[in-house]
**Student:** 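Structure below; questions to follow.
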Amino acid sequence: QTLEKGSKTWVTNPLTDEMKEFKFDFSFQSSSPDEQGIGDYASQDTVYCLLGVPMLDNCLEGKNVCLFAYGQTGSGKSYSMLGKPSTPGEEGV
């Protein structure tokens with residue numbers, strides 16, 4: 001099965017170097033635009049365009065929608081949803 005780019009996240013156990021792969025509909029790297037080797041950087045605008053717009057369109061068509069943000073504490077779930085409304089380009093979904 002071919003998965004879309006950005007739909008996988010890999011985690012390496014630091015004690016054993018064993019790598020585990022997790023598959024999602026979307027998986028965004030938003031730690032740093034300068035971080036190499038962990039995937040393309042996803043800005044707030046990227047997340048909004050890939051998730052927010054299609055969900056909003058479906059909602060306006062009368063469909064039920066749900067966006068489930070899952071992750072470690074401090075990983076950016078609330079920031080992705082709420083962003084920084086006072087900063088252009090950093091508004092949340």
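Sequential numbering from 1 along the given sequence is applied to the chain's residues.
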**Student:** What is the minimum heavy-atom distance between C49 and P54, and which atoms define it?
**Tutor:**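 Here C49 and P54 meet closest at O-CD, 3.5 Å.
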**Student:** Would you say that more than 12 heavy atoms from the other residues, nucleotides or ligands in this model lie under 6.0 Å from the NZ of K77, or not?
**Tutor:** yes
**Student:** Measure the spacing between CG of L51 and CG of L56 and express it to the nearest 0.5 Å.
**Tutor:**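 Result: 12.5 Å between the selected atoms.
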**Student:** Taking atom CG of D57 and atom NZ of K63, what is their separation to the nearest 0.5 Å?
**Tutor:**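 These two atoms lie 9.5 Å from each other.
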**Student:** Rounded to the nearest 0.5 Å, how far does CG of N64 lie from CE of M55?
**Tutor:** 10.5 Å
**Student:** Determine whether Y48 and L67 fall in the same hydrophobic cluster, where Ile, Leu, Val, Met, Phe, Trp and Tyr are linked whenever their side-chain heavy atoms lie under 4.5 Å apart.
**Tutor:** no
**Student:** So, do N13 and T16 sit near enough that their side-chain heavy atoms are less than 4.5 Å apart?
**Tutor:**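 Contact flag for N13/T16 side chains = yes.
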**Student:** Going by side-chain hydrogen bond (donor to acceptor under 3.5 Å, both in side chains), name the residues that satisfy it together with E18, two or more places apart in sequence or in a different chain.
**Tutor:** none
**Student:** Determine whether V47 and V53 fall in the same hydrophobic cluster, where Ile, Leu, Val, Met, Phe, Trp and Tyr are linked whenever their side-chain heavy atoms lie under 4.5 Å apart.
**Tutor:** no
